[in-house]
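Below: the structure, in structure tokens.
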Amino acid sequence: MAETTMTKIQGLAKQRGFIYQSSEIYGGFAAVYDYGPYGVELANSIKREWWKEMVQFHENIVGLDSAIFMDPRIWLASGHVSGFSDPLIECKNCNTRLRADQLLEESGVEADEKMSEEVINKLLSDNKTKLKCPSCGKNTFSEVKKFNLLVKSNLGDFNDNWENPVYLRGETCQGIYVNFKNVLDSIRVQIPFGIAQIGKAFRNEITARQFIFRTREFEQMEMQYFTAPDIDMKTFESWRKKRMDFYLNLGIKKENLRWHKHEKLVFYAKEAYDIEYKFPFGFKEIEGIHARGDYDLTQHSKFSGIDLSYTDPKTGEKYIPHVTETSTGVGRNLLMMLCEAYTEEKINNGETRVVMKFPRNLSPVKAAVFPLLKNKPELVKKAKKIFDLLKKSFVCEFDDNGNIGKRYRRQDEIGTPFCITIDFDTLEDNTVTVRDRDTMKQERIVIDNLSDYISKGLL
Ligand code: ATP
């Protein structure tokens with residue numbers, strides 16, 4: 001089987017309208033990407049599935065959409081102002097900026113962004129001969145400098161002096177913690193319960209490589225589950241299982257997923273695991289599942305002066321709830337879907353077809369409708385009628401351009417599960433040809449049964 005490379009994925013993503021570089025006509029804006037027409041459909045499908053799984057399927061998980069801008073003290077309380085930093089080094093030869101921990105890891109030296117500057121400097125000098133600048137190949141680097149990842153804005157600062165910056169949020173979950181009491185007081189929830197949110201986050205990432213894997217603006221899907229202190233590890237294990245099952249049920253191959261257990265935990269964390277996916281550039285994190293103890297609500301109680309403890313209505317016991325967090329990125333999920341779906345297949349005539357075998361319910365377009373011939377008004381009219389009927393229930397596309405083979409190829413490349421052709425027989429017997437993306441088999445279906453057929457086929 002042909003290898004799936006990032007060059008192929010990036011090429012298809014651009015050519016077929018999934019992902020564009022931000023500000024491309026101005027030469028491109030580093031580490032920021034735009035979703036094209038099919039990218040936004042795919043991203044929306046991913047978000048819909050996540051929301052369904054987390055909110056709709058759990059009576060005790062509710063949604064939230066908190067603002068990107070927040071009181072800057074929130075980032076002091078969370079530790080992001082002092083601690084949210086990556087170790088930055090610069091290649092002395094070509095001035096490329098790099099993350100020291102990543103350079104070490106890529107050279108087989110175990111490192112972590114949370115290590116102190118001294119420790120990383122020592123690792124760099126001990127392993128000097130192993131290291132190589134990815135841009136120029138040389139191995140002379142500057143000393144490590146910790147670089148804060150929070151993005152600043154001048155919101156509300158009319159002197160423009162940046163002395164009191166308001167930050168663009170570095171993660172969505174802080175919006176959840178600071179609304180914990182609002183949700184508790186306004187909705188009939190009792191512990192254990194969860195709050196889920198999908199939203200943008202911003203990080204001044206040093207290295208901008210690997211396409212949309214690491215971007216400076218991205219979207220997170222996070223859920224914070226609040227429990228009593230004594231049962232939280234059980235909850236943690238059940239969330240680990242649920243989150244892995246989510247990806248497996250979406251059809252991600254088992255061998256492409258694995259657990260990574262954090263050996264070095266931040267001081268408040270009880271346990272932390274990542275789910276990693278096998279990207280063409282290796283196994284990398286797609287989701288973090290972390291047992292955060294009572295750190296977050298304790299910090300916000302301290303910094304805001306508002307008591308965020310919970311009183312159990314049955315026992316009267318009062319405590320600061322403990323948190324299990326599940327946190328994943330829309331972009332990383334989307335990149336995983338592109339990599340997982342990308343397939344090159346030899347077909348009958350020796351030709352190769354590229355087909356994106358997305359899980360059918362995630363495909364950007366669910367059905368494409370073709371009149372067999374463009375210049376036969378009766379076929380076009382009938383096809384339009386069918387298209388208008390189907391588009392009420394599914395994202396559909398109408399295409400009368402080029403021969404049917406070419407139209408199939410185009411739909412294969414965006415992963416459309418069903419292609420429906422209207423031909424002269426349709427005018428006689430009200431049946432159409434439905435061609436399946438994966439098997440390429442064709443079936444005659446009565447128009448009245450078409451909606452049902454597609455619905456069932458998307459499950
Ligand atoms: P990494 O180690 O890759 O920098 P992280 O451990 O800092 O990630 P978290 O802070 O745990 O990431 O964020 C949770 C999730 O948010 C990640 O699993 C990932 O899916 C997503 N995410 C984090 N940073 C980025 C980014 N810069 N670009 C895209 N997605 C991101």
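For clarity, every value in this text was computed on a predicted model and none was experimentally measured. Whatever order the structure lists them in is the order used to number ligands and atoms, beginning at 1.
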Query raised in the report: What protein heavy atom is closest to atom 16 (O) of ligand 1, reported as residue, atom name and distance in Å?
Result: Q220 NE2, 3.3 Å
Report task. Indicate the ring-plane relationship of Y319 and Y310, choosing parallel, tilted or perpendicular according to the 30° and 60° boundaries. Result -> tilted
Query raised in the report: Is the distance between the ring centroids of W239 and H58 under 6.0 Å?
Result: yes
Query - Element-labelled atoms of ligand 1 that are located less than 4.0 Å from some non-hydrogen atom of S327 - result: 13 (O), 14 (C), 15 (C), 18 (O)
Requested in this report: Among all protein heavy atoms, pick the one closest to atom 28 (N) of ligand 1 and tell me residue, atom and distance.
Outcome: T215 N, 3.0 Å
**Report entry** Candidate with minimal heavy-atom separation from atom 22 (N) of ligand 1, of Y33, F218, Y277
**Finding:** F218
Report task. Find out whether the Lys NZ or Arg CZ of R435 is both under 6.0 angstrom from the six-membered ring centre of Y408 and within 45° of the ring's axis. Result -> yes
Report summary line: So the atoms of ligand 1 within less than 4.0 Å of a heavy atom of E285 turn out to be 2 (O), 6 (O), 8 (O), 11 (O), 12 (O), 17 (C), 18 (O)
Query raised in the report: Quick one: is the NZ or CZ of R240 closer than 6.0 Å to the six-membered ring centre of Y273, and within 45° of its axis?
Result: yes
Query raised in the report: Hey, is R214 touching ligand 1 through its side chain, its backbone, both or neither, going by heavy atoms under 4.0 Å?
Result: both
Report task. Look up atom CZ in F418 and atom CZ in R360, then write down how far apart they are to the nearest 0.5 Å. Result -> 5.0 Å
Requested in this report: Enumerate the atoms of ligand 1 whose separation from the nearest heavy atom of I286 is less than 4.0 angstrom.
Outcome: 18 (O), 20 (O)
Query raised in the report: Quick one: which of E222, E171, R203 has a heavy atom closest to atom 9 (P) of ligand 1?
Result: R203
Query raised in the report: Do E113 and ligand 1 have an N or O pair less than 3.5 Å apart?
Result: no
Requested in this report: May I ask you to identify the nearest protein heavy atom to atom 19 (C) of ligand 1, giving residue, atom name and distance to one decimal place in Å?
Outcome: R332 NH1, 3.5 Å
Query raised in the report: What protein heavy atom is closest to atom 29 (C) of ligand 1, reported as residue, atom name and distance in Å?
Result: F213 O, 3.3 Å
Report task. Check for a donor-acceptor pair, side chain of T215 on one end and backbone N or O of E217 on the other, with a separation under 3.5 Å. Result -> yes
Requested in this report: Measure from NZ or CZ of R258 to the centre of the six-membered ring of F283, then state whether that distance is under 6.0 Å and the direction lies within 45° of the axis.
Outcome: yes
Report task. Evaluate the ring planes of F213 and F279, with Trp represented by its six-membered ring, and classify them as parallel (under 30°), tilted (30 to 60°) or perpendicular (over 60°). Result -> perpendicular
Report summary line: The answer for which part of E287 has a heavy atom under 4.0 Å from ligand 1 is backbone
